[in-house]
Amino acid sequence: MAATKFLTLLVQSMIQHPQMVGDELDEATRERMQQRAVQLSQEMSQLLQELEPRPQEQRPQEQSGVAWGALLFAALQQWQFWAVAGVLVLLFGLCWRLRKRSQEVDSSGEEESSSSNTEQEEEDEQEEEESEEDPDDERDLGRIFAKRIQWSVQNLASRSQVVEELVDDLLRVFKMLLSDSFFPVLKPAIGVGSAFEGWNPREDDVVYRLLVPLKPPRGHAFHLELGSAGRIPVKDSCVRVVLECTCTREQLVGDRLCFVHNPEEELRRNQDPSLLSALCTGSYLDVEKTALWFQNFLKSAWVLVPQSHHYNMEVLPSSRSCKLQLTNTFRRTLFVEMMFGVQQGDSDIFLSSQNTEAIFTPSTTWPESYAVAEVKFFRHMARQVPANSFHLKCLQLYARILVGTGFSTYALKTAVMHLLTTTPLSGWRRRDFLLRLEDITQYLRCCLEEKRLNHFFFGNENVPEEIILPPALQTSEPFNLFQRLAQDPDAHAEALRDFDELHDRLTRLLIYGR
């Protein structure tokens with residue numbers, strides 16, 4: 001606190017004293033300036049004493065800061081000091097250097113060093129690109145504030161690639177070992193969620209989520225039952241498993257018996273049980289049984305994965321997915337969650353094993369998931385926006401300040417997706433950082449006042465064509481994510497209070513950088 005007051009007084013004194021030297025001032029002005037100088041000298045002398053740390057607590061950086069403060073304080077006694085216009089630049093440069101040093105973290109190994117180098121190269125490229133822009137542009141204020149933010153040091157892109165390669169190798173082992181079984185056929189995993197979209201709300205707690213599509217084994221078919229008629233979005237869908245006749249294949253190849261037309265006793269004696277018997281409850285594919293089967297099989301298959309020599313793997317408790325904690329030789333930990341999904345036709349919408357907002361979700365319920373469509377949207381935008389676009393930084397920054405409020409990161413992401421399709425993409429550069437943050441703020445405010453935030457994929461004409469949606473979603477009425485606010489006045493009033501807190505947090509983050 002004392003250090004902040006000292007810098008404030010110093011800057012204040014520099015602003016209030018005009019850059020004049022010599023004997024060009026009249027006596028009254030000179031006397032007022034001398035009185036002000038004496039007052040400031042006394043105040044800063046007292047503040048310097050407050051900044052003086054105890055010997056055992058003084059750190060090298062603090063000693064350096066106090067030494068510089070003492071030099072500046074001595075310089076204040078000289079009138080000629082005010083002629084040096086570069087002092088202000090020197091002061092802020094010093095603060096930036098000290099702050100940068102305090103944030104540096106020692107590399108824990110070659111992997112961390114490689115990630116840091118990659119990020120530095122990206123920053124250098126951004127600097128080169130933005131140096132070509134007009135330095136006198138009035139929107140440069142956005143670039144200044146953007147540089148004050150303490151962005152995450154994690155390289156999501158490189159680590160996401162590591163996770164994808166590891167899971168791909170794991171699923172290849174599954175495919176090899178299960179080729180003659182009647183368990184679900186596992187297709188290549190699809191990275192979903194914020195880590196694979198390129199942003200992350202929790203800097204120190206990244207979970208790399210992947211969706212593993214399931215296909216029926218031979219002799220079986222999946223029939224999707226999309227919940228209650230007319231209910232949008234679909235939350236209580238099921239996957240019904242149906243046995244299909246394989247008599248023709250049995251006659252031609254002779255390797256498997258037909259589950260439909262052969263006696264049960266012969267089936268039990270001569271081949272593995274069907275999927276209906278292994279992972280279903282009644283006629284429906286059971287999420288919890290599927291997750292447990294996958295977890296148990298993973299423990300035995302892990303030793304065949306090449307990365308098992310470099311990572312220690314631990315399966316974490318989960319009833320509807322497979323959560324892994326992977327620790328490498330450098331003690332860096334990766335958290336991976338594999339969910340399961342059944343595709344709706346050839347669309348990018350799946351019925352998935354993800355948890356729902358309900359207190360209790362039946363084990364045969366597979367809620368509708370838009371995660372694959374969302375990650376495709378952000379990849380599409382990455383190809384459309386300028387190379388130095390800041391749209392993901394805006395999303396990441398806003399997500400950081402949501403913690404503790406009633407706003408969900410999904411509502412925030414939805415708002416940003418709407419803005420990306422309605423705002424010129426050239427306006428998402430770093431120099432427009434403050435303008436876009438203001439757009440997000442105003443958009444959320446309007447949605448709160450109207451008690452309405454439309455889901456991005458329901459009846460939205462702005463969805464990019466490359467994202468494949470079921471016809472029902474394309475023609476449906478927009479679904480309101482803020483429907484609860486429209487039904488509950490108390491919840492709406494609380495949301496408005498949360499928004500005010502959110503706005504205050506954003507202001508503090510922009511001013512102090514954290």
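- Under a 3.5 Å cut-off, the side chain of Ser353 and the backbone N or O of Phe340 do form a donor-acceptor pair.
- Rounding to the nearest 0.5 angstrom, the gap separating the NZ atom in Lys323 from the CE atom in Met339 is 10.0 Å.
- Here the side chain of Asn328 pairs a donor or acceptor atom with the backbone of Arg331 at under 3.5 angstrom.
- In this structure, Asp498 contributes its side chain and Gly406 its backbone to a donor-acceptor pair below 3.5 Å.
- For Tyr398, the ring-ring contact (aromatic ring centres under 6.0 Å, His included) criterion is met by no residue, not counting sequence neighbours.
- Judged by distance alone, with hydrogens and angles left aside, the side-chain atoms of Gln295 form no donor-acceptor pair with the main-chain N or O of Leu316 at under 3.5 Å.
- When atom types are taken as modelled, the side chain of Gln343 and the backbone of Ser347 share a donor-acceptor pair closer than 3.5 angstrom.
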Derivation and outcome, side-chain contact (heavy atoms from CB on, under 4.5 Å), residues Glu164 and Phe196: CA-CA 10 Å; Glu164 282 185 315; Phe196 289 94; 3.4 Å; yes
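- Among the candidates Phe350, Phe458, Phe479, the single residue satisfying the ring pair (Phe, Tyr, Trp, His ring centres under 6.0 Å) test with Tyr370 is Phe458.
- A salt bridge links Glu466 with Arg383: at least one charged nitrogen is closer than 4.0 Å to a carboxylate oxygen.
- A salt bridge between Lys413 and Glu197 is present, with a side-chain N of the basic residue lying under 4.0 Å from a carboxylate O of the acidic one.
- When all heavy atoms of Leu326 and Val336 are compared, the closest pair comes out as CD1-CG2, 4.0 Å.
- Remark: the backbone N or O of Lys451 is paired with a side-chain donor or acceptor of Asn480 at under 3.5 angstrom.
- By the 4.5 Å heavy-atom criterion applied to side chains, Ile349 and Leu469 are counted as neighbours.
- In summary, Glu501 and Arg505 engage in a salt bridge, as defined by a charged side-chain N under 4.0 Å from a carboxylate O.
- With hydrogens and angles left out, the side-chain atoms of Glu288 and Ser319 include no donor and acceptor closer than 3.5 Å.
- Evaluation of the side chain to side chain donor-acceptor pair (under 3.5 Å) rule for Glu314 yields no partner, not counting sequence neighbours.
- Counted by atom type alone, Asp169 and Gln307 present one or more donor-acceptor pairs between their side chains at under 3.5 Å.
- Between Leu510 and Leu437 the shortest side-chain heavy-atom distance falls below 4.5 Å.
- A donor-acceptor pair is defined here as one N or O able to donate and one able to accept, closer than 3.5 Å; no such pair exists between the side chain of Ser389 and the backbone of Pro386.
- Taking the six-membered ring where tryptophan is involved, the planes of His391 and Phe378 are essentially parallel, since the angle between them stays under 30° and well short of 60°.
- Annotation for Met338 and Ser321: closest pair O-CB, 3.3 Å, computed over non-hydrogen atoms.
- Residues His220 and Val242 fail the side-chain proximity criterion, which asks for heavy atoms closer than 4.5 Å.
- Separating the CD atom in Glu374 from the OG atom in Ser369 is a distance of 7.0 Å, to the nearest 0.5 Å.
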Leu178 vs Phe297, side-chain contact (heavy atoms from CB on, under 4.5 Å): CA-CA, chis, key distance, verdict: CA-CA 10 Å; Leu178 298 173; Phe297 197 81; 3.6 Å; yes
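- Among residues two or more places apart in sequence or in another chain, the ring-ring contact (aromatic ring centres under 6.0 Å, His included) test is passed with Trp302 by none.
- Rounded to the nearest 0.5 Å, atoms CG (Asp432) and CZ (Arg430) are 11.5 Å apart.
- Aromatic ring centres of Phe174 and Phe183: separated by at least 6.0 Å.
- Counting all heavy atoms, side chain and backbone alike, Leu351 lies closest to Cys238 at CD1-O, 4.1 Å.
- Here the closest heavy-atom approach between residue Lys187 and residue Val212 is recorded as O-CG1, 3.8 Å.
- For the residue pair Gln474 / Glu461, no side-chain donor-acceptor distance below 3.5 Å is found, with atom types taken as modelled.
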Would you sort out whether Glu438 and Tyr443 count as a side chain to side chain donor-acceptor pair (under 3.5 Å), showing the intermediate values? CA-CA 8 Å; Glu438 178 64 18; Tyr443 190 89; over 6 Å; no
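- Phe335 has its ring centre no less than 6.0 Å from the ring centre of Tyr208.
- Under the rule for a ring-ring contact (aromatic ring centres under 6.0 Å, His included), the partners of Phe377 that lie at least two apart in sequence or sit in another chain are Phe456.
- Remark: side-chain polar atoms of Arg209 are not paired, donor with acceptor, to backbone N or O of Glu337 under 3.5 angstrom.
- Between Asp439 and Arg436, at least one side-chain nitrogen of the basic residue sits less than 4.0 Å from a carboxylate oxygen of the acidic one, meeting the salt-bridge criterion.
- Of the possible donor and acceptor atoms, none in the side chain of Thr423 sits under 3.5 Å from a partner among the backbone N and O of Leu420.
- Gln354 is listed as a side-chain neighbour of Pro367, based on a closest heavy-atom distance under 4.5 Å.
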Pair up each side-chain donor or acceptor in residues 484-495 with any protein partner under 3.5 Å, not counting sequence neighbours, and list the distances.
from, atom 1, to, atom 2, distance (Å)
Asp488, OD1, Asp490, N, 3.1
Asp488, OD1, Ala491, N, 3.4
His492, NE2, Leu448, O, 2.8

Take Val167 and Leu171, measure what side-chain contact (heavy atoms from CB on, under 4.5 Å) needs, and give me the verdict at the end. CA-CA 6 Å; Val167 173; Leu171 294 181; 4.1 Å; yes
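- Between Phe457 and His455, the two ring planes are tilted [angle within 30° to 60°].
- Not one N or O on the side chain of Ser308 forms a donor-acceptor pair closer than 3.5 Å with the backbone of Leu304.
- A distance of 6.0 Å separates OG of Ser352 from CG of Leu211, quoted to the nearest 0.5 Å.
- Between Thr409 and Leu402 there is a side-chain heavy-atom pair separated by less than 4.5 Å.
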Taking it one step at a time, do Asp286 and Thr364 satisfy side chain to side chain donor-acceptor pair (under 3.5 Å)? CA-CA 5 Å; Asp286 192 297; Thr364 55; over 6 Å; no
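- Using a 4.5 Å cut-off on side-chain heavy atoms (C-beta onward), Asn460 and Asn454 make no contact.
- In this structure the side chain of Val241 never reaches within 4.5 angstrom of the side chain of Ser283, judged on heavy atoms.
- With sequence neighbours left out, the ring-ring contact (aromatic ring centres under 6.0 Å, His included) criterion links Phe407 to no other residue.
- Under the 4.5 Å side-chain criterion, counting only non-hydrogen atoms from C-beta, Thr327 is not in contact with Arg332.
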